[in-house]
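The structure appears right after this line, and notes come after that.
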Number of protein chains: 2
Amino acid sequence: MSTRSRTARRTVGITEVARHAGVSPGTVSNVLNRPERVAEATRLRVEAAIAELDYVRNSSGSSLRSGRSESVGLLVLDVTNPFFTEVARGVEDEAAESGLAVVLLNSAEARERQRRNVRLLAEQRAAGAVVMPIDDDLSDLVWLNRQGTAWVALDRGDVAEDVGCSVSVDNHAGGMAAGRHLIGLGHERATFLTGPFAIEQVRRRHEGLRAAFEEAGLDPDACVRVVEQPLLNPEQGERAVDAVLAGGPRQRPQAVFCANDQLALGVMKGLGQRGLRVPEDVSVVGYDNVDFADLVHPGLTTVAQPKYELGRTAMRLLNSELNHGEHVHERVLFTPELVVRGSTAAYRD
Amino acid sequence: MSTRSRTARRTVGITEVARHAGVSPGTVSNVLNRPERVAEATRLRVEAAIAELDYVRNSSGSSLRSGRSESVGLLVLDVTNPFFTEVARGVEDEAAESGLAVVLLNSAEARERQRRNVRLLAEQRAAGAVVMPIDDDLSDLVWLNRQGTAWVALDRGDVAEDVGCSVSVDNHAGGMAAGRHLIGLGHERATFLTGPFAIEQVRRRHEGLRAAFEEAGLDPDACVRVVEQPLLNPEQGERAVDAVLAGGPRQRPQAVFCANDQLALGVMKGLGQRGLRVPEDVSVVGYDNVDFADLVHPGLTTVAQPKYELGRTAMRLLNSELNHGEHVHERVLFTPELVVRGSTAAYRD
DNA sequence: CACCTGGATTGAAACGTGTCAATGAGCCGC
DNA sequence: GCGGCTCATTGACACGTTTCAATCCAGGTG
């Protein structure tokens, strides 16, 4: 055990570097920010001084002066969800390339916490933010925009374009792809296992599923049942099994389409515990294609989202908004892709 | 589509609030930071002005003046790993309680990137950091400390105590618990499937496993084989199956202990593809107890780490270091816990 | 009434950087 | 050799906040 050395290290700033190199502070600043404006000889001299004094720039000073910091926020619904972490990686990578730091903020699906985090971003004078809003109420974000911080909405295609950019995946198409797949296998009774319908993505996936049945000349009202759970995690999936199976073998769905891989994995576990086999007795389809979907047995058929690309594109959009003076809000829409694995099979009576 | 409103919103600062409330800027600052020093009447007047003008404090200004910012870094090996995300949640929660923002930085297991991130923390004059170092070379972190930024090492029990605090889990005990469990089931040929031995945690787990065999009067050199892969992800686990099975049924291990749940899940998948059943033909033990360990079939027996607590404790330690002037580096060691599920069973010839 | 005390408030001086108008140094062409 | 030009550099100020010594005021005491 030893005591922390409270080194009263005198802070070396731009002015000390300047003195050491025999130039003015302004020149040092130029070397740092617009090297092309300064003659090579002096630039080298300044760089030498920087190295020798082990100078590290103080970003508080610079963002105070310039009015804007060099970090962007990533406001996420739930750090734990593997879907988001993949997105985070995309944002991180793209931000790193433009020298921006990423501040991770977790709303933990709580409105109060989202509000606090938005406020934090405003206090930091963050350059921008990539945001997954907690619900349809965007007033906090509009406020943030008025404070001068730009943002891009993620996975929320319905933001009005006069409010901000958005990057999302076509949830309707995803639901439809899942529906077509099941219908193609001969299923006619499906259950949509989902989280709260307050979440827009979830609603769209449901509509897509129904559209697929309609397209095939089947009545969605008769064919598609819904089981709604309060959260989108594995435990809730497991807990929902009884509701899913309600009605006995004649009424019971031939297939379960889950709004989420986590729900799907939970439901698969629950089905197994009740002696039902996937896919022989029930087919299961998930959504997201998290890494683990490939590792369970049987592999989970699921609607894949380009998670990494999603984050990367959002950050790229944000970047372009930050650099161009004149900016027109954009809306990028990815198309999901069905990945067929072992958890779905043709229906046989 | 509409053009971003470039509102030339004049910035309202502490001085404008002061004028509006008829007090001096200093008083406003006091209201914000040490409300007890200011008389109730004026405090209320200032607060009213703040609300009316929609003032939001500028953290650049305050950290410039005070010399230290109010954010802490979380330097992580790989944002994607579910182990880290759980840790992140713990850090987040604890930081939020003390009003600190968490800056997430991803080393992506690359030394160069870790270095850049450490530099970023120094530039931000971060109050502190929770760090998972990429390898044994802590020189960057020592440098960071000299810059005045304190840190707590995570999951790295071997940092010298004169360098910094650390919070970790007893990897030796974890390996031993796994070993005892397998020996108790009658296994005498085990393979340790692992990532690079350069990682300290991995080495300790291996030693623990060997210690268990020794304790039981068995020769570790004869009983424990090692298969080393370059990375700790599922794909590598799958790829390692052939190496694990080398030697045919007589030589083949009765149990595989993996340094990581991800490896374990990969190897289970690979074993299944080759027609081997878990646990009937081979027992598998993982490490970490990620959420998904409970969802595969059979459930994965694994050594659980208190992930959330780990993060939370690290942040708490950091906090105490930041607040107390005099500080003695601490070393916290958690004990892991074996969670037995279906992937392990008694050996029968 | 003069004096003291202690709490509330003030004013000015930093913190480290970016910006920009002004200055200086060289160079070319007439 | 001179005016005019460009490119490099300078110097001073402003950004919004915290801090701290100095000031003010009210009330109590002798």
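Below, chains carry the letters A, B, ... as their sequence lines are ordered, and counting in each starts from 1.
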Can you tell me if the side-chain N/O atoms of [X] get under 4.0 Å from OP1 or OP2 in [N]?
X: B:Ser62; N: D:dG16; answer: no
X: A:Thr11; N: C:dC15; answer: no
X: B:Thr42; N: C:dT9; answer: yes

Requested in this report: Assess whether one donor atom and one acceptor atom, taken from the side chain of A:Arg65 and the base of C:dT17, lie less than 3.5 Å apart.
Outcome: no

Using atom [atom1] of [X] as one end and atom [atom2] of [N] as the other, report the distance to the nearest whole Å.
X: A:Glu16; N: C:dG16; atom1: CD; atom2: P; result: 10 Å
X: A:Leu64; N: C:dA14; atom1: CG; atom2: P; result: 17 Å
X: B:Arg68; N: D:dT19; atom1: CZ; atom2: P; result: 14 Å
X: A:Asn30; N: D:dC7; atom1: CG; atom2: C1'; result: 13 Å
X: B:Asn58; N: C:dT17; atom1: CG; atom2: P; result: 16 Å
X: A:Gln124; N: D:dG16; atom1: CD; atom2: P; result: 17 Å

Query raised in the report: Which distance, rounded to the nearest 0.5 Å, do you find between the CD of B:Glu86 and the CD of B:Glu309?
Result: 11.0 Å

Query raised in the report: CG/A:Leu77 to CD1/A:Ile199 distance, rounded to the nearest 0.5 angstrom?
Result: 7.5 Å

Please determine whether a side-chain nitrogen of the Lys or Arg among [X] and [Y] lies less than 4.0 Å from a carboxylate oxygen of the Asp or Glu.
X: B:Asp136; Y: B:Arg156; answer: yes
X: A:Glu47; Y: A:Arg43; answer: yes
X: B:Arg316; Y: B:Glu330; answer: no

Mind listing the closest non-hydrogen atom pair of [X] and [Y] along with its distance?
X: B:Val79; Y: B:Thr85; answer: O-CG2, 3.5 Å
X: A:Phe84; Y: A:Asp78; answer: CD1-O, 2.8 Å
X: A:Asp54; Y: B:Gln147; answer: OD2-NE2, 3.5 Å

Query raised in the report: Does any residue of residues 18-29 of chain B have a heavy atom under 4.0 Å from DNA chain D, and if so, which ones, in number order?
Result: B:Gly26, B:Ser29

Query raised in the report: What residues in residues 31-38 of chain B put a non-hydrogen atom under 4.0 Å from any atom of DNA chain C?
Result: B:Arg37, B:Val38

Requested in this report: Could you please name the option among D:dT18, C:dT10, C:dG16 that lies closest to any side-chain atom of B:Ile14?
Outcome: D:dT18

Report task. Kindly point out which of D:dT18, C:dT17, D:dA8 is positioned nearest to the side chain of A:Ala39? Result -> D:dA8

Any side-chain donor-acceptor pair under 3.5 Å between [X] and [Y]?
X: B:Glu94; Y: B:Asn319; value: no
X: B:Ser168; Y: B:Ser166; value: no
X: A:Glu321; Y: A:His327; value: yes

Would you tabulate the pairs of protein nitrogen or oxygen atoms and nucleotide nitrogen or oxygen atoms of nucleotides 21-24 of chain C closer than 3.5 angstrom?
none

Query raised in the report: Does A:Glu70 reach the side chain of A:Ser63, with side-chain heavy atoms less than 4.5 Å apart?
Result: no

Query raised in the report: Start at the 5' end of DNA chain C and walk down; is the nucleotide closest to B:Arg45 or to B:Gly61 reached first?
Result: B:Arg45

